[in-house]
Amino acid sequence: MSTTDHSRPGSAGGADEPGQLHGGPDDDYGPEQLAAMDRTELDRLGARYDGVEVLHVEPVAPPGSPLDKRNTRQVTLWFALAALFAVAFVVVYAGSGWFLPSWAWSTGSSTWSALYTPLLGALFGLSMISIGIGLVLYVKKLLPHETAVQDKHDGSHFDRVTTGATLMGGLDSSGLPRRKLLAGTLGLLGLAFGAMLLSLLGGFIKNPNKGNPLGTTPWADGLRLLRDDGTPVRPGDQVAGSLATVFPAVPGGNKAYDGAVMLIRLRPEQLSELRIPAGREDFGYGDYVAYSKVCTHAGCPVSLYEQETSRILCPCHQSQFDVTDGAKPVFGPATRPLPQLPITVDDEGYFVARGDFPEPVGPSFWNMGRLG
Amino acid sequence: MATNTVPGPRVGQPTSLAGKAAFEVDDRLIVAGPLRRTLNKVFPDHWSFLLGEIALYSFIVLLLSGTWLTFFYDASMKEVIYDGTYAPLRGIEMSAAYESTLNISFDVRGGLLIRQMHHWAALLFVASIVVHLLRIFFTGAFRRPRETNWFIGVTLLVLAMLEGFAGYTLPDDLLSGGGLRIFSAVFLSIPVIGTWVYFTVFGGDFPGEVIIGRLYILHVLIIPAILLGLIALHLLILVKQKHTQFPGAGRTEHNVVGNRLFPTFAAKATGLLFIVVGLCAALGGLVQINPIWLLGPYNPAQVTAGSQPDWYIGFVDGGARIFPPWEIVLWGYHIPPVFWGALGLPGLMFGALALYPVLERVLTKDTASHHLLQRPRDVPVRTSLGAMAVTAYVVLWISGGNDLIADKFDLSLNAMIWFGRIGFLVLPPIAYWATYRICIGLERHDREVLEHGIETGVIRRLPSGEFIEVHQPLGPVDAHGHGQLAYGGASVPKKMNQVGGARRAIRGFFKPIEEPAEVQRQAEIEARGLESEQASRELSSSGRPSEGGRPSEGGRPQDPRD
């Protein structure tokens, strides 16, 4: 950077001698003057050029005084502790499995592996915290307490006007305000360029309406109801009042989020107060009903079945559904009943579905009433 | 006279090795000036200015521990059969992401410590941002010219929450998978474009095979990069605008009183850095967090009762829990309640938060620049609005854990939900009213003390038989005995001890560590100082101090460059 060829107000611009150094008022203070000042004076002088005045310095305990010695001891002790903890950390970290018991965890293993992580954390933490305490004590006990004040400046009118002139001058030289066609083209270029970049996001977009994936599930007519381990279910397998989670008999059926179904065997009392929604008279089989396990609120599996009250509770947001009343929501934020799966029994006596759910399962979405 | 053009040994040339080296460096880089300006920068000396620093330091912990974790984590949803150290899960099908997280916890030396440290640091990061934000809000530090930094701060908070969510979803365990499922329902609930957003985010129907990988790149690259950039900008603006400060003797709108960066503030800040790192490490080692091996891999058909997100997502969950079952259905188009509860409510809250400085500026017509902070009591409306917002947030947050509260305190779960629904509407206005009354009461007390003096506790009986309490005026009084000090926005002493009415206690916990006589002597010196100062001292709320106190005196040739 050349410092000789720029002209500032008040300087002898272009003179063949070194200009003022970067930020330094070398014109005001020559080397001799500076050499004659002591370190504190220099410090204060520099601070003043930075708009800082040291108002008050509260000295620390005089060197060699009992208080000073005690303070120094205290700070030293904390740093020594920190070092000690750090060394202990390395010993525990590296020594485990070498001259200390193995750190590796296994069922019913030694106490050392259970202590390993807490010990590492405690030592690492104590080491760091000791350094921190040592530093804070250093400031409080060994550093002079200095109160300084620094000027705060509002924006400079001079800067605004001159910067504005430079900017507007550049714009003027470019002639853009005058060359309307060029400016307009540049605007269009900006739009086109932005569109080009944005269009790359198209790679992320997937059409949710292709093949109606949101309105259908793997369930289909004749598919068996399988437990998580893949075994089919017979009507006699469950006791009255119980609930089993079943999945469609397709590959990966027990991983499909929308395939999980609760197969519930109702108790006689529940049967007596059972209200079957119109059009679903044949959806159940005997004292069995099957409902989607996916909550219609936010999609969690509704899992907590309280058979005394016939309620199914979703543990995520506490929506409650009444099994004896078409799994309608009776409390909480859910708005739609759990969809019911039509079931029957096949020739071999195992439960099968009679088709897919009549409505979308899971949380509501915008166009769910207008699918297909 | 020697000038620096004269060859040969020059006056003031460094003689020590370090000095020579520094000279060589500055000869090339010309850094002495900017460095001196940086070292001389004055920082206010108040504990509440350290809250943002805690956020910064926990972010450093996050960057370092997070980088360490990336070397062992595998962001893949590929199904594998676990065959690792943790026997209870052997033979179970799980994603590679979950398996690698198990490996970090059990098979990598010190892996569990770093994982838990990372998680604790994330909780601390968001928590310290929130507390920092509350301090800024209640003291009016967001006012002109600092609206930009407020806006950046709110953006940082939202990003930190998203970053945290993405992070705790990466292990792909049962708990986080459930959270992701709820997240997917929130995407799905967006009117018109919901299903498109949902399919775009998950690359198809939930859960798909790409989401963990996508969250990973968001978590380790995109969001941290934005966070880093915004934090840098946040600090740059802070340095440029300089700190605010609480009003007090000698503090004005045009200065900052405190410690210089070097050495006092730097040492303090470094001390705090080490304490924050140490705290995260100690928590990471000693306090178990997110024990994913107890939760099992994600399975869409399973869920655990009492599932809780990390604390900062709790209020979103609470909103989803207490929002009434109101689904808007028009011509077959649905807007489900989860949209309002989990997206609308937080959107409204953060929107109001981000725009608050503008709203206040417009409503109060206060467009001036402010560098002196306000005491919350002096701005009762803002303070009460803040209390109202905090109350609403806390109701949502409690509702996010209402099942656990119902369980532990043996309450009805439905009653907890009704508490949330009614409390969200009723409690905030009550909080507003109560806070407003408290602010006014505190303000009146300040005025009373300034006017009548501090209650001394000395009861005197007048010849007429009347009992009066003797008050100690804080400054000069008029003919009627009323104080003439104006309120300056600073703390008003309310006890005799605070104005030197009693000797301070001798320091020492088990035994005195100072000489009582020395303390007595210091107190006397201080008292003399107070007397001599009393005549000239005046608390003022605004305006520049007397010109004599300004460091600009002394013919500085140019303004300092920041």
| field | Atom pair CD (Gln318(A)) and CG (Leu413(B)), whose distance is rounded to the nearest 0.5 Å | value | 4.5 Å
| request: Could you have a look at Ala32(B), Ser184(B), Gly203(B), Ser399(B) and say which one has the most heavy-atom pairs with chain A under 4.5 angstrom? | output: Gly203(B)
| Who among Thr147(A), Leu34(A), Leu214(A), Val136(A) has the most heavy-atom pairs with chain B under 4.5 Å? | Leu214(A)
| query | For atom CH2 of Trp340(B), is the number of surrounding heavy atoms from other residues, nucleotides or ligands below 6.0 Å larger than 12? | reply | no
| Which one of Gly369(A), Pro315(A), Pro301(A) has the most heavy-atom pairs closer than 4.5 Å to chain B? | Pro301(A)
| task | Measure the acute angle between the ring planes of Trp366(A) and Tyr333(B), then classify it against the limits of 30° and 60° as parallel, tilted or perpendicular. | result | parallel
| task | Output the option from Gln116(B), Glu93(B), Arg214(B), Met117(B) having the highest count of non-hydrogen pairs under 4.5 Å with chain A. | result | Arg214(B)
| note | Turns out that what part of Tyr198(B) lies under 4.5 Å from chain A's heavy atoms comes down to side chain
| Top contributor to chain A interface from Asp107(B), Ile417(B), Val192(B) [non-hydrogen pairs under 4.5 Å] | Val192(B)
| query | In terms of heavy-atom proximity below 4.5 Å to chain A, should Ile182(B) be classed as side chain, backbone, both, or neither? | reply | both
| Thr264(B) versus chain A, the contacting section by heavy-atom distance below 4.5 Å | both
| note | Highest number of heavy-atom pairs under 4.5 Å with chain B among Cys314(A), Pro213(A), Gly134(A), Ala260(A) belongs to Pro213(A)
| message | Could you measure the distance from the CG atom of Leu135(A) to the CD1 atom of Ile275(B)? Nearest 0.5 Å is fine. | response | 8.5 Å
| message | More than 12 heavy atoms of other residues, nucleotides or ligands under 6.0 Å from NZ of Lys255(A): yes or no? | response | yes
| message | Within this structure, what is the SG-CZ distance for the pair Cys295(A) and Arg181(B), rounded to the nearest 0.5 Å? | response | 10.0 Å
| field | Short side-chain donor-acceptor distance under 3.5 Å, His254(B) and Asp151(A) | value | no
| field | Ile190(B) CD1 to Phe365(A) CZ distance, which is reported to the nearest 0.5 Å | value | 14.0 Å
| Option that, when pairs with chain A are counted at under 4.5 Å, heavy atom only, ranks first among Val201(B), Asp205(B), Asn259(B) | Asp205(B)
| query | Where is the tightest heavy-atom contact between Asn40(B) and Val52(A), given as atom of each residue plus distance? | reply | O-CG2, 3.3 Å
| Can Gln320(A) and Asn414(B) be counted as having a side-chain donor-acceptor contact under 3.5 angstrom? | yes
| request: Using the ring-ring contact (aromatic ring centres under 6.0 Å, His included) rule, collect all pairs that involve residues 117-148 of chain A, keeping only residues at least two apart or in two chains. | output: Phe89(A)-Phe124(A)
| note | Applying a strict 4.5 Å limit to non-hydrogen atoms, the region of Phe323(B) in contact with chain A is backbone
| message | Please rank Leu304(A), Thr245(A), Leu120(A), Asp228(A) by heavy-atom pairs under 4.5 Å with chain B and give me the top one. | response | Leu120(A)
| query | Any luck finding a side-chain donor-acceptor pair between Tyr93(A) and Arg109(B) under 3.5 Å? | reply | no
| Any ion pair linking Asp43(A) and Arg260(B) (charged N to carboxylate O, less than 4.0 Å)? | yes
| message | As an exercise, state the distance from CZ of Phe204(A) to CZ of Phe202(B), rounded to the nearest 0.5 Å. | response | 14.0 Å
| message | Could you work out, with salt bridge (Lys or Arg N to Asp or Glu O under 4.0 Å) as the rule, every residue matching Asp403(B), not counting sequence neighbours? | response | Arg321(B)
| field | Under 4.5 Å from a heavy atom of chain A, the part of Trp326(B) involved | value | backbone
| said: Is Val302(A) in contact with chain B via its backbone, its side chain, both, or neither, using a 4.5 Å heavy-atom distance? | reply: neither
| request: Among Ala36(A), Pro118(A), Pro208(A), single out the residue with the greatest number of heavy-atom pairs under 4.5 Å to chain B. | output: Pro208(A)
| remark: Honestly, the part of Ala148(A) sitting under 4.5 Å from a heavy atom of chain B is both
| said: Heavy-atom pairs under 4.5 Å with chain A: which of Gly284(B), Gly179(B), Gly204(B), Gly258(B) has the most? | reply: Gly258(B)
| task | Using a cut-off of under 4.5 Å on heavy-atom pairs, state which of Cys316(A), Pro329(A), Ala35(A) scores highest against chain B. | result | Cys316(A)
| query | Are Val256(B) and Lys152(A) side-chain neighbours, meaning at least one heavy-atom pair lies under 4.5 Å? | reply | yes
| Beyond-backbone contact of Pro263(B) with Leu143(A), side-chain heavy atoms, under 4.5 angstrom | yes
| request: Under 4.5 Å, counting heavy-atom pairs only, tell me which of Gln245(B), Gln288(B), His371(B) racks up the most with chain A. | output: His371(B)
| field | Distance, nearest 0.5 Å, that separates CH2 of Trp196(B) from CG of Asn207(A) | value | 3.5 Å
| query | Does the side chain of Ser364(A) come under 3.5 Å of the side chain of Glu327(B) through a donor N or O and an acceptor N or O? | reply | yes
